[in-house]
A.B. asks: 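Below: one structure in structure tokens.
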Amino acid sequence: MKRLLVVLVILLISAFIVSCGGNAATTSTTSTTSQAPATSSTTSPIATTPLAETTKPTQTTVKPQSGGILRMLTTTLATNVGNPALPMGPPENALMAVEPLTSFDEKGNLVPELATSWDLDANAKTITLHLRTGVKFHDGTTFDGEACKWNFEQRMKSGKIAAAEVVSIEVLDANTVRINLKRFNALQIITFTHTVMMYSPTAIKTNGDEWAKTHIVGTGPFKQTDYKDASYWKFTRNENYWGPKPYLDGMEYIVVADATVANLSMRSGAGDMWKSGATAKDCIDLANQGFDVIQRSASVYFLAWDSLSPSSPFANQKVREAVEYALDRPAIAKAVGYGSYKELFQFANPQDLPYNPDVQVRAYNPQKAKQLLSEGGYPNGFQTKLFIRSESTDTATLIQSYLAAVGIMIDIDVCDSARWLSITGPTGWKDGMIYTMVGRNAGYSYIQFSLGGQFKVQPNTSFQNMAKSQTFVDLYNQLMAVPTLEDSVAVGKKMVKQISDECIAVPLWNGPYNIVVQKYVHTNYLSVHHQIWNSELDWMASH
Amino acid sequence: MTAYVIRRLLIGIVIIILVTVLVFLVMRLLPGDPLFLFLAENQIENLSPEQIQEMRHQYGLDKSLPMQYLDWIGNTLRGNLGYSVYNQTSINTLLAQRFPVTLELSLISWVFGHALGLLVGIVSALRRGKWIDTFSTGLSYIGVTIPSFWLAILLIYLMGLKLGWLPLSGWTSPSVDLGMHIKQLIMPVFCLSIVGIASTARLMRSSMLEVIQQDYIRTAWSKGMGEQIIVIRHALKNSFIPIITVLGMGMAHIFGGSFIIETLFSVPGMGRLMVTSLYAHDYNVVQFSALFTAFLIVMSNVIVDISYGFFDPRIRYN
């Protein structure tokens, strides 16, 4: 009888434990066979409601309320929050505390921030910046030309700005700085004014480099009160902010390393905003529970290949085009992104400045793919490799199945970090493809970094196995010497078309950056081209 | 006894040396350029091939593997634990920040787990066949088999979300808020100690059962000695000998489990540091953390081995 009781107790406890399990199916969406996968009409087995890109309404529709501390859950904190001279620089989106010289508007135009205006002189190879007056750092010192110059120099020291491109930086007066360049490129204005944040030189010089790693002193609407590595980062309102007075009393970053725990923390009310680490599944789960999900388009995923080695099948453009035709990008994007990925047919989104409507769309057409393979000398297909990072295994398996259907047999090679850095950098890779991604930057910086950065011509250290024609090389060199930002758009459009015409790489889809917020939170976090955050405008309703 | 202690220490040193060789070789022989052990990704991107070669020479990577090992172990013994590329600080600094947190969590879990396990085991043995024995035996089966990370999520869900009794995660220094510090300790300590409680309880129960059936215990009963005195003075020490082995292994389990538990509960300890460093490609920290963890486990087992001599005179006199 006693034994029976013990068994019953154990069974009851087991049943209770099992009933507490997850409620979502966890069936893999990938195919591991060589049969032709489903077409675009396939629905994801997991998503209940596909996520759509949303924008959180801000104070334009509801009157903002003052007060409260916004608690933001994040997976990790930067290990260097305030020293711009170190190679691993401070986070670029600590925009509640530090600010750049310029920002972007909705159309991607450069707008004033800590600089009120700027002059570009292609003949003299100079960029002249006119700085905003009356701005103070959090430590009370003045933001001026000397502080601006110092910050540029720190970023050159860290390697963020190529010092070789700069002849000198002059402070013409208290609020005017001139940068003298070796080679003029209008896109350099983005590098200097948008990617370099302004930190207080006095604070860092007084307290030292080690202190600066854990203390951020900028001009932003919030100033740091406390920082503990891997735990939290706290801010209070800057009462002397030069712009509109912030609504919130403060902000806190709270580290929650595990996504499941962060999910539960949001549901328990321990966080107001889940700022990083939310997967598409988490977003669907929390959206179904009444949370607001904000998506910012963050990354462009693409396939690169070894088209440089003569022995590589991808040296033949017909083979590269065949790969493009073999992939049903809308279907794969829907499956792996649970409805949040947007397929791409060129290296720019419709909202991006270099978007070119004249780019040929190579939509899913396996018959065409087989025909091109045959014309390329591979009527029976061929065997090759696909190098990936471990987090891309599901996607790679889907790609593998689509390519297998046209005869291209893929060995998926999962690379550890060191090997990945080698093959995408100095060592290169041989005879295969790489599934990778590039960050989608805002406005003109998309042209500079997403295009110009990923498609550098030799000598370069990134994706050096992608062959580029002389036409493309000429376009790239043109981009590196554009006299105005408007000219960069024209060149960027041509580059996007040339990438497609030559099939230098295959763009696949946009991956979003997901933010989950409580209903009462009104934020414009990364709202403009996923890079701009005017934290002084964030507020929370009573709750 | 002295010879016994010296022998155990020497064996421990040999094991640690073997561990250092293994850790070193694993990191060096992994695919990829070992230069990434020393430089950040964005640093390497900006270097020319000649500069990369110069860097290799600067970090001794052009030397033979045995020479690189000797350089590394020599630096470590001199207290230069290396540089964390991701954290951009010395590993000594990281150790000073993170180890006390892991030490506190591990020690409390270890003491709590084994103390409670001992108590449960003793009570189960003394009340053999009664409901308390049946109940605790059933729970110990669950405790031994349940994965600690799964238990952690379950506790967070129940205690944190549904009941709201405890904070879901986080770590507050005791000097800042002792009450919150204790509340945040409860769940991670319980998760880390569950296996210790269960295995110690089961082992203690069987060991105690064997001892209380001995003639000298029967003699003590027949002399009219109280149960408490019999257990504490006679039975406990003799039944404790097999438990010592579990104590040493328990430390290994706790340090190993801390990787997951610290990540789940966002505790800024060594385990979390190791996980973060793995994702951040900070191989120097990974290498040191593996070595340090191995060192602690080996030393705790050496201490356990030596303590046998105090509990069991037969070992001492042999």
Side-chain angles (χ1 to χ4, degrees), chain A residues 2-3 5-7 9-10 13-14 17 20-22 73 75-77 79-80 83 86-89 158-160 162 209-210 213 226 228-232 254-258 260-265 267-271 415-427 459-462, chain B residues 30-34 36-37 39-49 52 84-89 97-98 129 131 134-135 137-138 141-142 146 150 152-154 156-158 160-162 164 167-173 262-268 272-273 275-276 278-281 283:
Chain A
K2 283 179 188 166
R3 285 180 205 270
L5 266 172
V6 168
V7 169
V9 165
I10 290 171
I13 292 172
S14 304
I17 289 167
C20 289
L73 305 185
T75 49
T76 185
L77 289 176
T79 54
N80 168 22
N83 189 335
L86 295 177
M88 303 274 277
S158 74
K160 180 80 176 176
D209 288 343
E210 276 302 307
K213 285 191 336 198
D226 199 3
K228 181 147 172 57
D229 182 32
S231 293
Y232 54 76
I254 301 168
V255 176
V256 181
D258 182 74
T260 304
V261 177
N263 185 318
L264 295 173
S265 298
R267 288 162 62 183
S268 76
C415 300
D416 65 82
S417 302
R419 195 158 72 101
W420 180 262
L421 290 171
S422 277
I423 63 173
T424 56
T427 315
N460 73 76
T461 56
S462 297
Chain B
L30 279 174
D33 194 331
F36 292 114
L37 286 166
L39 294 178
E41 297 170 28
N42 57 353
Q43 285 178 288
I44 295 182
E45 276 170 12
N46 294 326
L47 295 175
S48 66
I52 290 176
S84 166
V85 166
Y86 176 69
N87 294 283
Q88 299 180 103
T89 189
Q97 288 170 355
R98 302 294 190 105
W131 69 268
T134 310
F135 182 68
T137 303
Y141 286 137
I142 295 172
I146 199 168
W150 189 88
I153 297 291
L154 189 64
I156 290 170
Y157 180 79
L158 283 172
L161 177 62
K162 287 298 177 191
L168 279 78
S169 64
W171 185 265
T172 306
S173 169
E262 285 184 11
T263 301
L264 284 171
F265 289 101
S266 300
V267 174
R272 179 105 171 276
L273 175 67
V275 172
T276 313
L278 269 167
Y279 282 118
H281 332 140
Y283 299 115

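Lettering follows sequence order; numbering is per chain, from 1.
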A.B. asks: Which residues pass the salt bridge (charged side-chain N to carboxylate O under 4.0 Å, His left out) test with Arg272(B), not counting sequence neighbours?
C.D. replies: none

A.B. asks: Would the distance check show the side chain of Asp258(A) and the main-chain N or O of Thr263(B) forming a donor-acceptor pair, the cut-off being under 3.5 Å?
C.D. replies: no

A.B. asks: Name the region of Thr260(A), side chain, backbone, both or neither, that has any atom closer than 4.5 Å to a heavy atom of chain B.
C.D. replies: side chain

A.B. asks: Name the member of Asp229(A), Thr75(A), Ile254(A) that forms the most heavy-atom pairs with chain B at distances under 4.5 Å.
C.D. replies: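 Top count of heavy-atom pairs under 4.5 Å with chain B: Asp229(A).
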
A.B. asks: Evaluate the criterion side chain to side chain contact (heavy atoms under 4.5 Å, CB included) for residue pair Leu168(B) and Ser265(A); output intermediate values, then yes/no.
C.D. replies: CA-CA 7 Å; Leu168(B) 279 78; Ser265(A) 298; 3.7 Å; yes

A.B. asks: Can you tell me which portion of Glu262(B) sits under 4.5 Å from chain A's heavy atoms? Options are side chain, backbone, both or neither.
C.D. replies: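 Neither part.
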
A.B. asks: Applying side chain to side chain contact (heavy atoms under 4.5 Å, CB included), run through Leu161(B) and Ile156(B) and close with a yes or a no.
C.D. replies: CA-CA 7 Å; Leu161(B) 177 62; Ile156(B) 290 170; over 6 Å; no

A.B. asks: Please name the pair of heavy atoms, one in Val256(A) and one in Ser266(B), separated by the smallest distance, quoted to 0.1 Å.
C.D. replies: CA-OG, 3.1 Å

A.B. asks: Checking Thr89(B) against chain A: side chain, backbone, both or neither under 4.5 Å from a heavy atom?
C.D. replies: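 For Thr89(B), backbone and side chain are both near chain A.
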
A.B. asks: Which bit of Leu73(A) is near chain B, if near means a heavy-atom gap under 4.5 Å: side chain, backbone, both or neither?
C.D. replies: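 Interface part for Leu73(A): neither.
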
